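Step one of this worksheet: look at the structure below.
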Amino acid sequence: MFEIAEKKQLSHTVALFKIKAPMIAKKRKAGQFIIIRLNEHGERIPLTIVDSDNSEGTITIISQEVGKTTSMLGALGKGDTIMDVVGPLGKATHIENFGTAVCVGGGIGIAPVYPIAKALKAAGNKVISIIGARTKELLILEHEMRKTSDELIVTTDDGSYGHHGFVTQILQKLIDEQTKIGLVVGIGPVPMMRAVCNVTRPYKIHTVVSLNPIMVDGTGMCGSCRVTIGGKNKFVCVDGPEFDGHEVDFDELIRRNRSYLKEEKIAMEEATYHEGTRCYERR
Amino acid sequence: MDPKEIKERMKIPRQAMSEQDPKERVKNFYEVPQGYTPELAMQEAKRCIQCKNPLCVGGCPVNIDIPWFVRLIAEGKFVDAAKKLKETNALPAVCGRVCPQEDQCEKVCLVGKKGQPVSIGRLERFAADYEREHAEVTIPNIPKWTGKKVAVVGAGPAGLTVAGDLVKRGHKVTIFEALHVAGGVLMYGIPEFRLPKKIVESEVEYVKKMGVEIVCNAVIGKLETIDELLLNGYNAVFIGTGAGLPVFMNIPGENLIGVYSANEYLTRLNLMRAYQFPEYDTPVLRGKKVAVVGGGNTAMDAARTALRLCPEEVTIIYRRSREEMPARIEEVHHGEEEGLKFMLLTNPTRFIGDDEARLKKVECIKMELGEPDESGRRRPVPVKGSEFQIDVDVAIVAIGNGANPLIPQTSPDIKVNKWGNITVNQDTGRTSKKGVFSGGDIVRGGATVILAMGDGRKAADSIHEYLATGVW
Ligand SMILES: Cc1cc2nc3c(=O)[nH]c(=O)nc-3n(C[C@H](O)[C@H](O)[C@H](O)COP(=O)(O)OP(=O)(O)OC[C@H]3O[C@@H](n4cnc5c(N)ncnc54)[C@H](O)[C@@H]3O)c2cc1C
Ligand code: SF4
Ligand code: FES
């Protein structure tokens, strides 16, 4: 059992949790993730470790309510427990001084970008961050990102805050302004990551993305998380989650992430309408 | 035994074990064979002629004293029989169910030379079940702590055996397990209808009651490395991490929605209980026409699991002929009874999807058997131009497992072979790293439960010795 030490609502559907997991807190590095299982009937889902506090023995995760499990997590609060937390999983981000690093985060993807930006900054990089959301209410971690970045540009799709438009437009502008960029980190919804890679590809700017396929074990045992990278099959949970964005087959990832659309809907409906009267039906 | 009695005993026919009706059982996940009654068990046990030089013992990878425990059953001393078994086999209720006895003890049984061998596996299962069901399981006396601590990585049959053997000798043992439950393949791979999970759970409980600490959700190599374990007060480490890396065919379309590795498919269904979705949260694609690629036990388990999810059809696609299938005959037979179809001498060449990338068809090619290969089995070769397609919406690839690289990656001083399996001294289980031992599937590649346990036993002996002498 892992206790939730703190919870902060970041937007209507996005919440930050500090979970007591001292061993993981001690070990984890930027770029790594955990897998949680809420209860006996729960599924195993991956979540990026956003931050950790060694003295408190906590790790921080940020979760957006998109399905049954994340909604159930969203309903938990301080003092509640999560049955299983396993990690830190995946490889840590390769951190070195690249000169100037541009960190691009979209939506909930700002959460995994944050620890990487922090680590890059600590390694002496000039960090320019571009973070975007659909609308102002959904923008997370602005304050934290501002603290770890030399420069921060905010975009919203609807223009309710910051620059009206997409993160990729700002990235393109930086490139057009002849900014010397050693590394681009782009994390967010898969179409956004694909767009970021399309911007940097012609200039051969090293671009790292963090992938979010469907996982089960998270230790390389099942192959659920496989994605084609540079024509080869890779297991994101052990070979990643970060890869050279120019090699990723994003279309395949988008399709594979839709594997259980129908089942996810059933699970949501079941959780919303039939709570308490669960029964097993063959479908 | 006098010749007259031997003759009498040889006349007793092999006692059948009742099984759930195939038509019923494909609709549920309950165990298929239902076990012996005490009367049947005693009758079957009487078929053993108590050989002076019992060949069966040599056929058993851990050399269980078979005639002895069988005699105890014949005498009605069921609990004693179970205790006798446990002297050499920590998990008799498991082995009685999943060991390939027809290739081991029963293969060489003298009674089997003339008729059918003594049903050693069924008797083993009976004794263990009797002891458990009658709450006769007793915890052995644990000696005073020796002051030594051992870390075991992986709670599969190998790890559980090492841990059990070492606590019995007074050492403190902690098992670190990556998943949220202990048991390894017994929990995530082998299906409920062949090995009920509550049996595995009670075996794990037994190991815990003896004083073994099991820490789940602990991925060694990530949470802590082997070196850190050795630095943090463990005097020795045993690695029993299994063969958990699914092998794919590397053919086009393998990443379509609906193509699973057997590991993923079985993990979703066994460990995560996707067959009870949405009561349990983990989904699985059920599929109308299911194809399983491979001919081993894993393929058979995946196929028989699929059959229980109400498909129209489940087909095994295997590139050699039936004789070469590595699966247990009993399992093939069970599958057939349940309506499993076989497409032999056939190999998939490509998976074909629709515009949402969902699997729709598989293209196969016919094979014929050529010259024998290094395994002695005739090598299958494709028949040119014989490609054909079949409708399939779920495909499960069950062509084997490789070695999981997590630990070797973070402990480069542990030597592995070209397939990534840890190399050990066969007699002692010692790896190339001081204080580190290994056994089970991570050493052997995919093998069997009993071999993993045998390795565990051997390693426990040599760990005990190493802890006493400190000599490497
Ligand atoms: C579907 C299927 C059916 C089978 N049927 C049979 C059968 O009928 N009869 C038979 O004899 N054999 C059968 N086998 C083979 C048998 O299950 C294995 O040979 C046996 O389980 C190997 O035991 P093990 O202890 O070496 O490894 P495993 O049982 O694989 O256990 C290894 C454990 O280590 C854990 N682990 C891995 N990496 C780490 C890490 N880094 N840190 C912490 N923990 C880790 C894993 O999660 C796992 O729990 C079958 C196998 C499969 C897959
Ligand atoms: S070989 Fe068969 S008959 Fe002889 S002791 Fe073993 S089980 Fe009994
Ligand atoms: S999640 Fe199972 S192999 Fe990556």
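These figures come from a predicted structure and were not determined experimentally. Sequence lines set the chain letters: A, B, ... in the order given, protein chains first and strands last, and positions in each chain run from 1.
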Please table the atom pairs, donor to acceptor, closer than 3.5 Å between any side-chain atom in residues 394-408 of chain B and protein atoms at least two apart or in another chain.
unit_1: B:Asn401; atom_1: OD1; unit_2: B:Asn263; atom_2: ND2; d: 3.2
unit_1: B:Asn404; atom_1: OD1; unit_2: B:Leu406; atom_2: N; d: 3.0
unit_1: B:Asn404; atom_1: ND2; unit_2: A:Thr219; atom_2: O; d: 2.9
unit_1: B:Asn404; atom_1: ND2; unit_2: B:Gly244; atom_2: O; d: 3.3

List the steps, then state whether side-chain contact (heavy atoms from CB on, under 4.5 Å) holds for B:Glu279 with A:His41.
CA-CA 7 Å; B:Glu279 193 189 326; A:His41 287 221; 3.6 Å; yes
Looking at B:His180 and A:Arg37, would you say the former's side chain and the latter's main chain have a donor-acceptor pair under 3.5 Å?
no
We want to know whether A:Asn233 and B:Asn250 form a side-chain donor-acceptor pair, criterion being a heavy-atom distance below 3.5 angstrom.
no
A:Gly223 and B:Pro246 have their tightest heavy-atom pair at N-CG, 4.0 Å
For A:Ile214, is it the side chain, the backbone, both or neither that has a heavy atom under 4.5 Å from a heavy atom of chain B?
side chain
Between B:Asn255 and A:Arg226, do the side chains contain a donor N or O and an acceptor N or O under 3.5 Å apart?
yes
Heavy-atom proximity to chain A below 4.5 Å, by part of B:Tyr265
neither
Once rounded to the nearest 0.5 Å, what's the spacing between atom CG of B:Asp281 and atom CG of A:Asn39?
6.5 Å
From B:Phe277 atom CZ to A:Tyr260 atom OH, the distance as rounded to the nearest 0.5 Å
10.0 Å
Which bit of B:Val259 is near chain A, if near means a heavy-atom gap under 4.5 Å: side chain, backbone, both or neither?
both
Contacts of residues 25-35 of chain A with chain B (heavy atom under 4.5 Å):
A:Lys27, A:Gln32
Contact class of B:Leu266 relative to chain A, heavy atoms under 4.5 angstrom
neither
Residues of residues 222-232 of chain B contacting chain A, heavy-atom criterion under 4.5 Å, by residue number
B:Lys222, B:Leu223, B:Glu224, B:Thr225, B:Glu228
With side-chain contact (heavy atoms from CB on, under 4.5 Å) as the test, would you mind laying out the steps for B:Leu245 and A:Met221 before giving the verdict?
CA-CA 5 Å; B:Leu245 185 82; A:Met221 181 270 280; over 6 Å; no
Donor-acceptor pair, side chain of A:Ser224 and main chain of B:Glu264, under 3.5 angstrom
no
Identify the two heavy atoms, one from A:Ile266 and one from B:Pro278, that lie closest to each other, and give their separation to 0.1 Å.
CG2-CG, 4.2 Å
Derivation and outcome, side-chain contact (heavy atoms from CB on, under 4.5 Å), residues A:Asp217 and B:Tyr188:
CA-CA 10 Å; A:Asp217 61 305; B:Tyr188 78 73; over 6 Å; no
Compare every heavy atom of B:Ser261 with every heavy atom of A:Cys222, then report the nearest pair and how far apart it is.
O-OG, 2.5 Å
Out of B:Glu254, B:Arg268, B:Gln409, return the one with the most heavy atom pairs under 4.5 angstrom to chain A.
B:Arg268
Quick one: which residues of residues 42-51 of chain A reach chain B at under 4.5 angstrom, heavy atoms only?
A:Gly42, A:Glu43, A:Arg44
Of the listed A:Val85, A:Leu89, A:Val238, the one with the largest count of heavy-atom pairs under 4.5 Å with chain B is A:Val85
